[in-house]
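Letters A, B, ... are given to chains in the order of the sequence lines, protein chains preceding strands, and every chain is numbered from 1. These numbers come from the heavy atoms of this one structure, side chains and all, not from hydrogens, waters or symmetry mates.
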There are 2 protein chains.
Amino acid sequence: MADIKPIGKALFLREEELRRGIELMFFAYRDFTGEADSILAEQNMGRAHHRAIYFIGRNPGITVSELLAILNITKQSLSRVLSALVETGHVEQQTGPEDRRQRLLYLTKTGTELESRLTEVQGRRFARAYREAGMTAVEGFQKVLQGLLDSETQQQAGDVARSRPPRGTPDR
Amino acid sequence: MADIKPIGKALFLREEELRRGIELMFFAYRDFTGEADSILAEQNMGRAHHRAIYFIGRNPGITVSELLAILNITKQSLSRVLSALVETGHVEQQTGPEDRRQRLLYLTKTGTELESRLTEVQGRRFARAYREAGMTAVEGFQKVLQGLLDSETQQQAGDVARSRPPRGTPDR
DNA sequence: GGTTTTATGTCAGCCATGTTGACCTTAATT
DNA sequence: AATTAAGGTCAACATGGCTGACATAAAACC
C-alpha cells in the first residue's frame, strides 16, 4: 500500500498474485478433501454425507432447516443423504419436544466415530500446515478466508464457530 | 510453541482452531466458486469446463497429458469437457509439431474472453479479501495453503505459477 | 524392421450429488 | 377454520467424477 510502483508492473504483479490465490485455493481444497474422500468411498459415501455428519456432530440436535441453511442445498438433496445416514445407523432423528414437526438430528456412536476419523485426518493436515507456517500466518490465513466469504455466509460461519446451544442429547 | 498451558485447555483450543480452519475452507471455497458457477451456468457449462479453460489459458499449448496431470481426473472426464469446449469454439487443438500424437491446446478469442470474465470475478473477490486483510495476512494465507497441499501437488502448483514456456501460438 | 510404448480418442455404463417441480402430511400459529 | 411451517416423497434431469474395453497413430527401442 505504501510503495508507489510503475502502474504496469504493479498491475502485472497484482494479477499474478491474484491468480496464485485462485490456483492455491483449487489445489488446496482438492488435496484437503482428498483423504476424507478416500475414507468415505470405503463406506460408499461421498462428500455430501461428510458435510451432513460434520455439521450434525458440530451442532447436536440441529434441525433439518438449520442444516439446510448451513449447507445451502435443496431439501431434496439433503433428504437423500440424511435418509441414507439414518439407514446406515450414523444419524438419529428425534421429534422436536417443543415443535413436534421438527426432526432434531444427532450422530449415533457409529456416526460420531466416523466423524472423528474424518475430522482427524483433515485436522492433522491443518495441524501440520499451521505448525509449519506459524501463528502469524495462521491469523492471516483465517483473515483472508473470512474476507473471501459472501457477507451472508460471514454471519453463518460465525454462528457455527460460536456453536448454537445444543438441544439436549437423544434419550436412549 | 513457547508457552506451556494446561494440556486440557491447549487441546481444546487446538481442536477448535482446527475445526475453524476446516469450516472456513468449506465456506470460502463454496463462495469463491459461486459467482463463477453462475456465469458458467448461463453458458451451460460447469466447473469442469472452467478448470480446463483456466489452465489452458494459463499454459497456452499445453498437452492433454499435462492438463490431466494438473487436474488429476481421468482422460475420459477431461475428454468430455474438451470436446464440448472445442465444439463451442472456446478451445482449439493443434497437432504437436514435434510429436504429432499430441494435441496442443489453446484458447480461442471466445475462450479467452470467457476466461477473463471468470478470472475477473474471482480475482475481484481475492483483491477485496487481500486488501482488507493486508499484506502480512496474504503471506500467511499463501503459506498455510501451500502447507495444506500434498507433497506431489506442491511441485505442480509451483510449476503452474512459474508457468511453462508456452508452446508457440496457433497459426491461423 | 518389428515390437512395444505412449498419447489420445471413443463408447458404454455406473454413481454421487446437485437441480426443479409437484404434491402430501402433520402440526403449530393465527 | 384457515394458513403457515417443517418435513417428506416421487419423478426427472444435468454434471462430472469413475471404470472397462477397445482403436489408432506415431514415437521409441531392440
Would you kindly compare A:D99 and A:L78 by the position of their nearest DNA chain C nucleotide and give the one closer to the 5′ end? A:L78
With a non-hydrogen cut-off below 4.0 angstrom, is A:S65 in contact with a base, only sugar-phosphate, or nothing? sugar-phosphate
Classify the nucleic acid contact of B:R47 as base, sugar-phosphate or nothing, counting any heavy atom under 4.0 Å across all strands shown. sugar-phosphate
Taking CZ from A:R103 and C1' from C:dA28, how many angstroms apart are they, rounded to a whole number? 14 Å
Rounded to whole Å, NZ of B:K75 lies from P of C:dT6 at a distance of 13 Å
For atom NE2 of B:H50 and atom C1' of D:dG16, their distance in whole Å: 16 Å
Measure the distance from CG on A:L104 to P on D:dA6 and round it to the nearest whole Å. 13 Å
Does any N or O donor sit under 3.5 Å from an N or O acceptor when you compare the side chain of B:R80 with the base of D:dG17? yes
Distance below 4.0 Å between B:R30 side-chain N/O and C:dG18 OP1 or OP2: no
Which is true for B:H49 with a 4.0 Å heavy-atom rule: it touches a base, it touches only sugar-phosphate, or it touches nothing? sugar-phosphate
To the nearest Å, how far apart are B:L68 CG and C:dG9 C1'? 12 Å
For the aromatic rings, using the six-membered ring if either is Trp, is the centroid distance between B:Y29 and A:F26 under 6.0 Å? no
Would you say D:dG17 has OP1 or OP2 under 4.0 Å from some side-chain N or O of B:R51? yes
State whether A:S77 places a side-chain N or O below 4.0 Å from either non-bridging phosphate oxygen (OP1 or OP2) of C:dT19. yes
So does B:T74 get a side-chain nitrogen or oxygen closer than 4.0 Å to the phosphate oxygens (OP1/OP2) of D:dC18? yes
Rounded to whole angstroms, how far apart are CD1 on A:I62 and P on D:dA6? 14 Å
Nearest-Å distance, CD1 (A:I53) to C1' (C:dT17)? 15 Å
Can you say whether the rings of B:F55 and A:F27 are parallel (under 30°), tilted (30 to 60°) or perpendicular (over 60°)? tilted
Output the distance between atom CD (A:E15) and atom CG (A:L18), rounded to the nearest 0.5 Å. 7.5 Å
Determine whether a donor-acceptor pair (N or O, by modelled atom type, separation under 3.5 Å) exists between the side chain of B:R103 and the backbone of B:V64. no
Closest-nucleotide 5' rank along DNA chain D - winner of A:Q76 and B:M45: A:Q76
Would you say the base of D:dA5 and the side-chain of A:R101 have a donor-acceptor pair closer than 3.5 Å? yes
Once you round it to whole Å, what is the distance between C1' of C:dT20 and CD1 of A:I73? 15 Å
Regarding B:T119 and B:E115, do their side chains bring together a donor and an acceptor under 3.5 Å, going by distance alone? yes
A:V81 or A:E98: which one's nearest nucleotide on DNA chain C is closer to the 5' end? A:V81
